[in-house]
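Okay, so here's the structure we're looking at.
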Amino acid sequence: MLTEFLSLLCLGLSLGFEDEKKNEMLPKPTLSALPSNMVEHRGNVSLRCQSHFQNVTFMLGKLQDSGYRQEQRSTGHEAEFLLTHLQPKDAGMYFCAYKTMVSQEWSEESEHLWLQVKDNDNGRGAPAAKKSTRFIFAATFTCLSILLLFLSIFFINICTQHGSSHEEATKRLKAPPGSEPC
């Protein structure tokens, strides 16, 4: 009877320990980019997520896209997510998390990793920003050109109206000097 009681007590304590483990918060994983977080257009990068535990399921997510999610099981402490043929739309903030077989709850998210995808022009910035700058320059140049055109037409009109009438010209010639209105 005593041995049955002790075995049931040990079983209960061990099950309670497992329940306690389920409620513990898992430590944050770390996320890194290999070879770098700055990637050429159409290039490839590996995002490596590392945890303190083995035999976990890793998840990679993108902050700006709630529908983006990749999962990968690993028997070790890490998983690598290969991103290929990257486009500017793939740039953004990535994070990872993991869950153990025991917890089945996701850990805290890793620190966010900013993935940058270089464009084809000169390797910096986003193409949309360059197009926007070009558009602003073109619009400003066009507005200034139109303004100069209107000013030119205005001054030509004033000059031609001032001396256009033949009668006004003869009146000016016949009038004594100094009597002409300004």
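Fair warning: this is a prediction, and the values are worked out from it, not measured in the lab.
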- Message: Just verifying a value: how many Å separate Cys49 SG and His77 NE2, rounded to the nearest 0.5 Å?
- Response: 13.0 Å

- Task: Please identify each residue that fulfils salt bridge (charged side-chain N to carboxylate O under 4.0 Å, His left out) with Glu109, with sequence neighbours left out.
- Result: none

- Path from Phe81 to Val117 over hydrophobic side-chain contacts below 4.5 Å: yes

- Task: Determine the minimum heavy-atom distance between Trp106 and Phe58, stating which atoms define it.
- Result: CZ3-C, 4.2 Å

- Message: My understanding is that only residues two or more places apart in sequence, or in another chain, count here; which of them pass salt bridge (charged side-chain N to carboxylate O under 4.0 Å, His left out) with Lys28?
- Response: Glu111

- Item | Closest non-hydrogen atom pair between Ser107 and Leu26, with its separation | CB-CB, 3.6 Å

Only pairs under 3.5 Å count here: list side-chain donor-acceptor contacts from residues 29-36, not counting sequence neighbours, and write none if there are none.
from  : atom 1 : to    : atom 2 : distance (Å)
Thr30 : OG1    : Gln50 : OE1    : 3.4
Ser36 : OG     : Met38 : N      : 3.1

- Task: If a pair satisfies side chain to side chain donor-acceptor pair (under 3.5 Å) and one of its residues is in residues 67-76, list it, with sequence neighbours excluded.
- Result: Thr57-Arg73, Tyr68-Gln70, Arg69-Glu71

- Met101: which other cluster members, linking ILVMFWY side chains closer than 4.5 Å, directly or transitively? none

- Do the side chain of Ser103 and the main chain of Lys99 share a donor and acceptor less than 3.5 angstrom apart? no

- Message: Rounded at 0.5 Å granularity, tell me how far CE in Met93 sits from CG in Leu115.
- Response: 10.5 Å

- Leu86 versus Asp90, closest heavy-atom pair with distance: CA-OD2, 3.4 Å

- Message: With rounding to the nearest 0.5 angstrom, report the CG to CD1 distance, Leu151 to Ile156.
- Response: 11.0 Å

- Query: Any side-chain donor-acceptor pair under 3.5 Å between Ser145 and Thr142?
  - Reply: no

- Query: Rounded to the nearest 0.5 Å, how far apart are CG of Leu113 and CG of Leu60?
  - Reply: 9.5 Å

- Query: Do Tyr94 and Val45 sit in the same hydrophobic cluster, where Ile, Leu, Val, Met, Phe, Trp and Tyr count as joined when their side-chain heavy atoms come under 4.5 Å apart?
  - Reply: yes

- Message: Tell me the closest heavy-atom pair linking Arg42 and Gln87, and the distance in Å.
- Response: CG-NE2, 3.9 Å

- Message: Can you tell me how far apart OG1 (Thr84) and CG (Leu82) are? Round to the nearest 0.5 Å.
- Response: 6.0 Å

- Message: Within a 6.0 Å radius of atom CH2 on Trp114, are there more than 12 heavy atoms belonging to other residues, nucleotides or ligands?
- Response: no

- Item | Residues Arg48 and Glu80 bridged, charged N to O under 4.0 Å | yes

- Sub-3.5 Å donor-acceptor pair from the side chain of Lys62 to the main-chain atoms of Ala91, do we have one? yes

- Please assess Leu83 against Asn44 for the test side chain to side chain contact (heavy atoms under 4.5 Å, CB included), listing each intermediate value before the final yes or no. CA-CA 6 Å; Leu83 306 180; Asn44 303 331; over 6 Å; no

- For Glu108, enumerate each residue passing the salt bridge (charged side-chain N to carboxylate O under 4.0 Å, His left out) test, keeping only those at least two apart in sequence or located in another chain. none

